[in-house]
Amino acid sequence: MLTQLLKRVFAPALTCLLIALCLPAAKRGISDINTYPVRYDIQRWQNENRTPTPTELADAQTAIQLAIDWNQSPELYDYQGRLFHYEALIAENSSQATNALQNALQSYQHSSSLRKQWPYSQANVALMKALLGEFDQEYLNMLRQSATNGPWENGVNLALTEAGLLGWVNLNKQDKHLIVENIQRGIRRNMRHMKVIISQYNKLSLVCANIQRDRYQKQLCGA
């Protein structure tokens with residue numbers, strides 16, 4: 001009798017406890033299912049050196065939002081920021097592009113608030129601010145923090161180069177030196193992509209005049 005009573009009392013409680021313990025893992029699992037195709041698509045677009053089609057982008061944005069609904073991981077907000085950046089790149093007009101960049105900035109800011117030492121999010125906050133023309137204190141802080149936290153990370157080198165060249169005239173001597181050092185590290189790791197960014201903003205002469213004279217400088221700038 002007593003055993004049966006205990007079972008009636010504790011069985012529901014035990015069931016609830018097991019559900020509570022399993023729920024976070026289940027939520028992460030559902031989130032991962034939605035994240036995987038987004039991660040794959042972004043990698044494919046990068047490998048093919050192209051932007052997504054509107055349909056591809058819409059599908060990826062739906063998937064990443066579903067993933068975030070189940071798991072508010074900072075990594076997912078970084079992916080969301082990347083997708084919003086793509087949206088800006090394929091926007092039909094400046095208003096749509098600005099709105100997409102603002103959304104990207106918010107995603108990267110949220111990710112950075114969750115991982116305060118993560119240099120990729122910090123560098124992308126700086127880049128989104130630069131693309132929006134917002135060369136304020138947050139822009140400067142993110143430049144400095146990302147350069148400190150991820151000096152040899154390829155993605156950081158690329159994003160910081162673009163953000164720094166866009167805001168060059170707004171930088172003091174120390175921050176310009178920070179960007180120059182970042183470029184010097186970047187061309188050692190990824191000369192081709194760094195040269196594309198530098199040339200895109202017509203800053204090759206400026207960069208070549210400021211970086212250290214060595215074989216990498218010669219490779220970037222010519223003899």
Side-chain angles (χ1 to χ4, degrees), residues 38-39 42-43 45-46 64 68 72-89 97-98 100-201 203-204 206-207 210-212 216-217 220:
V38 176
R39 185 184 297 115
I42 290 175
Q43 187 62 54
W45 301 332
Q46 290 177 332
I64 203 64
I68 290 173
Q72 290 74 53
S73 163
E75 179 186 18
L76 302 186
Y77 287 103
D78 279 336
Y79 283 131
Q80 186 182 55
R82 177 72 65 84
L83 294 177
F84 279 129
H85 190 186
Y86 274 127
E87 182 180 340
L89 292 175
T98 297
L101 288 173
Q102 289 171 338
N103 288 333
L105 174 60
Q106 291 175 7
S107 295
Y108 285 126
Q109 285 172 327
H110 191 65
S111 176
S112 185
S113 72
L114 296 174
R115 289 192 294 189
K116 297 185 182 300
Q117 302 302 316
W118 191 242
Y120 289 96
S121 303
Q122 294 168 341
N124 279 303
V125 168
L127 177 55
M128 296 306 108
K129 300 282 286 188
L131 290 169
L132 287 164
E134 299 177 5
F135 304 108
D136 55 14
Q137 192 60 49
E138 182 183 26
Y139 162 78
L140 295 173
N141 289 342
M142 292 297 100
L143 283 183
R144 297 162 186 167
Q145 290 178 33
S146 58
T148 298
N149 293 328
W152 287 100
E153 298 294 334
N154 182 56
V156 172
N157 295 149
L158 294 171
L160 272 190
T161 295
E162 189 169 358
L165 293 179
L166 279 167
W168 184 262
V169 298
N170 301 281
L171 302 180
N172 61 29
K173 183 177 180 180
Q174 183 178 358
D175 289 326
K176 286 179 178 177
H177 182 65
L178 178 150
I179 296 302
V180 168
E181 288 186 327
N182 171 77
I183 291 173
Q184 289 177 166
R185 292 190 296 269
I187 62 177
R188 283 162 171 75
R189 294 175 56 85
N190 196 337
M191 174 68 73
R192 182 170 65 87
H193 285 151
M194 290 290 290
K195 189 169 185 177
V196 168
I197 292 172
I198 294 166
S199 299
Q200 175 184 348
Y201 293 106
K203 298 292 187 182
L204 188 60
L206 182 149
V207 169
N210 282 278
I211 60 175
Q212 179 181 342
Y216 297 101
Q217 193 263 5
L220 176 68

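Starting from 1, each residue takes its place in the sequence as its number. Here the structure is a predicted model, which is why all the values come from computation and not from measurement.
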message: Nearest 0.5 angstrom please: Arg192 CZ to Ile197 CD1, how far?
response: 11.0 Å
message: Looking at every heavy atom in both Leu171 and Lys176, which two are closest together, and how far apart are they?
response: O-CE, 3.3 Å
query: Hey, are the side chains of Asn157 and Asn190 touching, using non-hydrogen atoms and a 4.5 Å cut-off?
result: no
task: Check whether any side-chain heavy atom of Leu178 lies under 4.5 Å from a side-chain heavy atom of Gln174, and answer yes or no.
output: no
- prompt: Quick one: does Trp118's side chain get under 4.5 Å of Pro74's, heavy atoms only?
  reply: no
For Ala123 against Ala159, the heavy-atom pair lying closest together: CB-CB, 3.9 Å
message: Using side-chain hydrogen bond (donor to acceptor under 3.5 Å, both in side chains), reason through Tyr77 and Gln109 one step at a time and then give a plain yes or no.
response: CA-CA 9 Å; Tyr77 287 103; Gln109 285 172 327; over 6 Å; no
message: As an exercise, state the distance from CZ of Arg188 to CG of Asn154, rounded to the nearest 0.5 Å.
response: 14.5 Å
- prompt: For His177 and Glu181, does a side-chain donor sit closer than 3.5 Å to a side-chain acceptor?
  reply: yes
message: Within the structure provided, determine whether Leu131 and His85 are in side-chain contact (heavy-atom separation under 4.5 Å).
response: yes
- request: Starting at CD of Gln72, measure out to CG of Leu114 and round the result to the nearest 0.5 Å.
  value: 9.0 Å
query: Between Ala100 and Ala88, what is the shortest heavy-atom contact and its length?
result: CB-N, 3.6 Å
field: Partner residues of Glu134 under the side-chain hydrogen bond (donor to acceptor under 3.5 Å, both in side chains) criterion, sequence neighbours left out
entry: Lys129
task: Could you tell me whether a side-chain N or O of Ser113 sits under 3.5 Å from a main-chain N or O of His110, the two making a donor and an acceptor?
output: yes
query: Taking only residues two or more places apart in sequence, or in another chain, which ones meet Ser146 in a side-chain hydrogen bond (donor to acceptor under 3.5 Å, both in side chains)?
result: none
- prompt: Can you name the closest pair of heavy atoms from Lys116 and Gln145 and give their distance?
  reply: O-OE1, 4.4 Å
field: Min side-chain heavy-atom separation Arg115-Glu75 under 4.5 Å
entry: yes
- prompt: Run the side-chain contact (heavy atoms from CB on, under 4.5 Å) check on Leu83 and Ile42 step by step: do they pass?
  reply: CA-CA 8 Å; Leu83 294 177; Ile42 290 175; 4.2 Å; yes
task: Only counting residues at least two apart or in another chain, list the ones meeting side-chain contact (heavy atoms from CB on, under 4.5 Å) with Gln43.
output: Gln46, Asn47
- request: Check the pair Leu143, Tyr139 against side-chain contact (heavy atoms from CB on, under 4.5 Å), reporting the backbone distance first and the verdict last.
  value: CA-CA 6 Å; Leu143 283 183; Tyr139 162 78; 3.6 Å; yes
message: Pair Phe84, Leu101 - check side-chain contact (heavy atoms from CB on, under 4.5 Å), show working.
response: CA-CA 6 Å; Phe84 279 129; Leu101 288 173; over 6 Å; no
message: Walk me through whether Leu220 and Ile211 qualify under side-chain contact (heavy atoms from CB on, under 4.5 Å).
response: CA-CA 10 Å; Leu220 176 68; Ile211 60 175; 3.9 Å; yes
- prompt: Between atom CD1 of Ile179 and atom CG of Leu206, what is the distance when rounded to the nearest 0.5 Å?
  reply: 11.5 Å
- prompt: Side-chain contact, heavy-atom cut-off 4.5 Å: Tyr216 with Gln184?
  reply: no
query: Hey, are the side chains of Asn124 and Leu127 touching, using non-hydrogen atoms and a 4.5 Å cut-off?
result: yes
query: When rounded to the nearest 0.5 angstrom, what distance separates CD in Glu162 from CG in Leu166?
result: 5.5 Å
query: Closest approach of Pro151 and Thr148, non-hydrogen atoms and distance?
result: CD-O, 3.5 Å
task: Determine the minimum heavy-atom distance between Ile64 and Leu76, stating which atoms define it.
output: CG1-O, 3.8 Å
task: Scan side-chain atoms only and decide if Asn141 and Gln137 contain a donor-acceptor pair under the 3.5 Å cut-off.
output: yes
message: Run Ser112 and Ser121 through side-chain hydrogen bond (donor to acceptor under 3.5 Å, both in side chains) and show every step you take.
response: CA-CA 5 Å; Ser112 185; Ser121 303; 5.6 Å; no
query: Among side-chain atoms of Thr161 and Asn182, is any donor-acceptor pair under 3.5 angstrom?
result: yes
field: Side-chain touch Lys195/Ile198, heavy atoms, less than 4.5 angstrom
entry: no
query: Can we call the ring centroids of Trp168 and Tyr201 under 6.0 Å apart?
result: no
